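Structure, as structure tokens:
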Amino acid sequence: MKCEGLKAYCTPRRLAIIARGLPERCPDKEDVVSGPPKSVAFGSDGLPTRAAEGFARKQGVSVDDLNLLTTDRGEYLVLRRLVEGEPLPDILGRSIPEIIASISWPKNMYWKESRFRFIRPLRWFVCLWNDTEIGFEFEGVKSGRTTRGHRFLGEAAIPVKDVDTYLSCLEDNFVLADSADRRNRIAEGLRSAAGTLKVREDEELLETVVYLNEYPTVLRGDFDESFLHIPEEVLVTVMRFHQKYFSLADEGGHLASSFLTVVNTDGDPDGRIKKGHEKVLQARLEDAAFFWKTDQKQPLQERVPDLEHVLFQERLGSYLEKTNRLRSICAGLGGGEDLETAAFLCKADLTTDMVREFPELQGIMGGLYACQEGYPEAVWRAVYDHYRPIALNDDLPRTQTGVLLSIADRLDTIVGCFGVDIIPSGSRDPFGLRRQAQGLVALLLSSALEMPMAELIRMAQRQFSTERPAADVFEDVQSFLEKRVDYIFQREGLSHDVLRAVMSSGLTTVHDAFRRAEALAEIKGEPDFEALAVAFKRTKNILNKFEGEITPLEVSKLVEAEEQELHSACENLRLRVKDCVEQKDYGTALRLIAGIRTTVDRFFDKVLVMTDDAGLRNNRLALLKEISDLFLSIVDISEIVQEGDQNGK
Amino acid sequence: MLGLLDNNMRTFQEIVHNLGEFWMEYGCVMQQPYDVEVGAGTMHPETFFRVLGPQPYQVAYVQPSRRPTDGRYGENPNRVYRHYQLQVILKPAPEDVQDVYLDSLRALGIPLEKNDLRFEEDNWESPTLGAWGIGWQVLLNGLEITQFTYFQQAGGVDLYPISAEITYGLERIATFITEKESVYDLSWNDRFTYGDVRHREECEFSRYNFELADKQMLFQLFDLYEQESLRCLEADCLLPAYDYCLKCSHAFNLLDSRGAISVTERVGIINRVRNLAVGIAQQYVKGNE
């Protein structure tokens, strides 16, 4: 059954669907009732037998009304009857209870003797076909046309005249059923209540309050300016997570001592609602002030030993152990004294009351406390930022020290988890390792760290005495990370073939790989390069097929002009390419190599590589290998997909 | 004064009395607080045992609830170590239970249409009791005044029929309707404030809970209580077994406020209390079959 439009509405108290353009009834259809076979139904005289008459009588028709129908099993006497389609309201009345029963929720409840579960108790149904009630009963509740308005502002029982007035009659009773209307009302309310201040945008919070209210109204409240001595991060968290308030900033971007709350009513003429919210926030802020004050009685450094009692992961030990590993990894990363101090302090805030109360402030609190304690900016910023990026589009740590600390933390978590067989598979990823790894790759991409990925993994591995064989762990982690590299590079707009070409030549550091990939992406469309890629693939195939050992090239054994020419071109290039690679100027290097394309082509045209003369053959293979190595020092261009040769690997 | 109320309820004790009266008139058994330390009204045997099994029941009582980590040395206007809950259990949950609850607020003189009262999704869970439910926190102008729950499980036992549990935070409601800045400013009666009656207790117990409590002793007590609970359970003497389960829970809360429990241990200790609660609940249900 098709309809022209289906729109769903939901508020904290109701779910509704309006379907438009439904047909009045199902299409009519023909029903075929089978009778006896033709041979039985008609005698040799061609007249209907008693069997035929019996069938007709049973169907309440005469034999003349029957037809013959040819089936696989022969000809049969049948009755064709037009069955009128069922009126849609009848179908709906029957199927809506089934539809309600089939909705699945993340968390269900029972509320009465029946063993039916739903997200919250079902209390009333309105079911209308235009202006006609569709009757059904489900879980002891009969459908009708009576809905309920806003709990306090609207009528308790509202007869809905017809579908077209459903939304307006709810609106008359202070319910905006359409979430878009609520969103607009809130957005408008935020703007006007903010006055000269600026609302801090918060899409997630907006989405939440849109669905928490039936008749949202924005009110502005204030809190005591003296709380502004508490860091902004804390104030915003208190307002946002505990009270679902929007925060405001002044022209200079500084947090103002005001907030916006979205209430579920029409206004606050005598200011009592505003006053209530202010009082609640006041108490919350006093709590935060209490934590801010008492936490600082114990410096971070003294908190570190207590991390022994905070579990990181059952088989990977406490956060104290993690801290020790981080220090050692950070020493290996060569970030200097600031990095090592940051590594030592970074987890200490897990023992503070503030983080216990607001877990989402982990790291940030450590940074703020470290700042208060007078640690250098590089240290406290690194601690502050070291959980970044949390989501893919998050900001990275603002300092190199922070980037390195975040890298160390993620390496430790990923390698540690793989070591004890906590490996993401399918939808199972309890530690969020994919996200961690994605963050790690983004960090590596942005860092100037010269350490190849493989070395990083090994360094992290040395911190653990793992249960699984180290070589297996290494391989698993490497391929896991390479998949994330793939993903991130593709997000950066690099095509798959470019990626493969870079990865096949061996991943060194992520940012270096990225540079190679960029250079390749730029040059790969040029005609010389494409042709050369074909030649190179041919070279690679020849080398791959050859099973013997290739001994070093001897110049004296180069007999044909074309191979001598290729050799000298290659010699000519080698140092210059090497220079470019060292300068990480991969674009120039690739262009240099692409310049020998005609020489390569002539070689393949004129010279038979797999000749019967073993000496000549070896020498030519060795020459090819030289060229091949030249390329492989940058990328494996045989992986570049050719036009019209999409699958030619 | 804004004239928040339609009547003249001005003191803490009047408000508590009034709410109690509302539920008494509704038909509840008016019970008394339990005399073992508990963290919430839910832990009173009149809730824990009554929600199990098929027999209908309706009960209301005030329960002083101790939460050591909530202590603020008498300095926070809203948070106290020991607060009073008014707990109502309606079994089975009546269909109009939310409306009845709203009537109870009206009975206190709160004009609901002039305030921002909302039911916000909040599913309640008590890992130590093996209990959970689905429902709402009730916010009045942003202040959580009630937890409203359809009890689904207690002591790990699926409940049938379902009870509605209404837990009022009495200090918060009273502070709200008498428009005090702080709980300590509440008039307990015409002569004494809440602070007069309780402030010293908050200060001393905050100090005890955070600074003084003997961890060694508490760990020992926990073990002793646990053994005694198990012994009673074995003898099928369930209410005493439950008392000792509650004592374990309180010892755990004190250890927690002393910062004596690591995350690893935490899970283990919660499970030990939970095992007691689950054992007791299961045996109770079996015995009533």
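The chains referred to below are lettered A, B, ... by the order of the sequence lines, with proteins before strands, and numbering in each begins at 1. What you see is a predicted model; the values in this text were computed from it and never measured.
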Margin query: For A:Leu153, which atoms come within 4.5 Å of any heavy atom of chain B: side chain, backbone, both, or neither?
Written below: side chain
Checklist line | A:Pro121, part contacting chain B, at a heavy-atom distance under 4.5 Å | finding: side chain
Item checked: Contact origin within A:Asp353 toward chain B - heavy atom pairs under 4.5 Å -> neither
Notebook entry, point to check: B:Leu159 versus chain A, heavy atoms under 4.5 Å apart: side chain, backbone, both or neither?
Noted result: backbone
Next item on the list: Take atom CZ of B:Arg207 as the centre, draw a 6.0 Å sphere, and report whether it contains more than 12 heavy atoms from other residues, nucleotides or ligands.
Entry: no
Margin query: Report which part of A:Lys244 has an atom under 4.5 Å of a heavy atom belonging to chain B: side chain, backbone, both, or neither.
Written below: side chain
Notebook entry, point to check: Counting only N and O atoms by type, is there a donor-acceptor contact under 3.5 Å from the side chain of B:Gln152 to the main-chain atoms of A:Tyr110?
Noted result: yes
Item checked: Electrostatic pair A:Glu286:B:Arg79 at N-O distance under 4.0 angstrom -> no
Notebook entry, point to check: Checking heavy atoms, do the side chain of B:Pro92, its backbone, both or neither come under 4.5 Å from chain A?
Noted result: side chain
Check: Heavy-atom count around A:Lys293 NZ within 6.0 Å, excluding the residue itself: above 12?
Finding: no
Notebook entry, point to check: What pair of heavy atoms forms the shortest contact from A:Val263 to B:Arg118, and how long is it?
Noted result: CA-NH2, 3.3 Å
Next item on the list: Would you mind checking which part of A:Ile119 comes under 4.5 Å of any heavy atom in chain B, side chain (CB onward), backbone (N, CA, C, O), both or neither?
Entry: backbone
Check: Is the backbone of A:Asp287 close enough, under 3.5 Å, to the side chain of B:Arg72 for a donor and an acceptor to pair up by distance?
Finding: no
Next item on the list: Return the option, out of A:Thr265, A:Val280, A:Ile273, A:Leu281, with the maximum number of heavy-atom pairs under 4.5 Å with chain B.
Entry: A:Ile273
Next item on the list: Could you tell me which non-hydrogen atom of A:Ala283 sits nearest to which non-hydrogen atom of B:Asn76, and how far apart they are?
Entry: O-ND2, 3.2 Å
Note to self: Looking at A:Gln243 and B:Gly142, would you say the former's side chain and the latter's main chain have a donor-acceptor pair under 3.5 Å?
What the structure shows: yes
Check: Where on A:Gln313 is there a heavy atom nearer than 4.5 Å to chain B: the side chain, the backbone, both, or neither?
Finding: neither
Next item on the list: State, without any angle test, whether A:Arg272 and B:Asn141 hold a side-chain donor-acceptor pair at a distance under 3.5 Å.
Entry: no
Check: Should we say atom CD of B:Gln153 is surrounded by more than 12 heavy atoms from elsewhere, each under 6.0 Å from it?
Finding: yes
Margin query: Please classify the contact of B:Asn123 with chain A as side chain, backbone, both or neither, using a heavy-atom distance under 4.5 Å.
Written below: side chain
Item checked: Heavy atoms from other residues, nucleotides or ligands near CD of A:Glu225 exceed 12 (cutoff 6.0 Å) -> no
Note to self: Less than 4.5 Å to any heavy atom of chain B: does that hold for the side chain of A:Tyr211, its backbone, both, or neither?
What the structure shows: neither
Notebook entry, point to check: Measuring heavy-atom distances to chain A, does B:Gln98 have an atom under 4.5 Å in its side chain, in its backbone, in both, or in neither?
Noted result: side chain
Check: What part of B:Phe119 is in contact with chain A, defined as an atom under 4.5 angstrom from a non-hydrogen atom: side chain, backbone, both or neither?
Finding: side chain
Check: Passes side-chain hydrogen bond (donor to acceptor under 3.5 Å, both in side chains), A:Asn264 versus B:Asp116? Steps please.
Finding: CA-CA 6 Å; A:Asn264 188 31; B:Asp116 174 33; 5.6 Å; no
Next item on the list: Sort B:Thr175 into side chain, backbone, both or neither according to what part of it lies under 4.5 angstrom from a heavy atom of chain A.
Entry: both
Check: Which heavy-atom pair separates B:Phe176 from A:Lys279 by the least distance, and what is that distance?
Finding: CA-NZ, 4.5 Å
Item checked: Residue A:Val262 versus chain B: region with a heavy atom under 4.5 Å -> backbone
Check: When you look at CD of B:Glu211, are more than 12 heavy atoms from neighbouring residues, nucleotides or ligands closer to it than 6.0 Å?
Finding: yes
Item checked: Interface moiety of B:Pro94 toward chain A, non-hydrogen atoms closer than 4.5 Å -> backbone
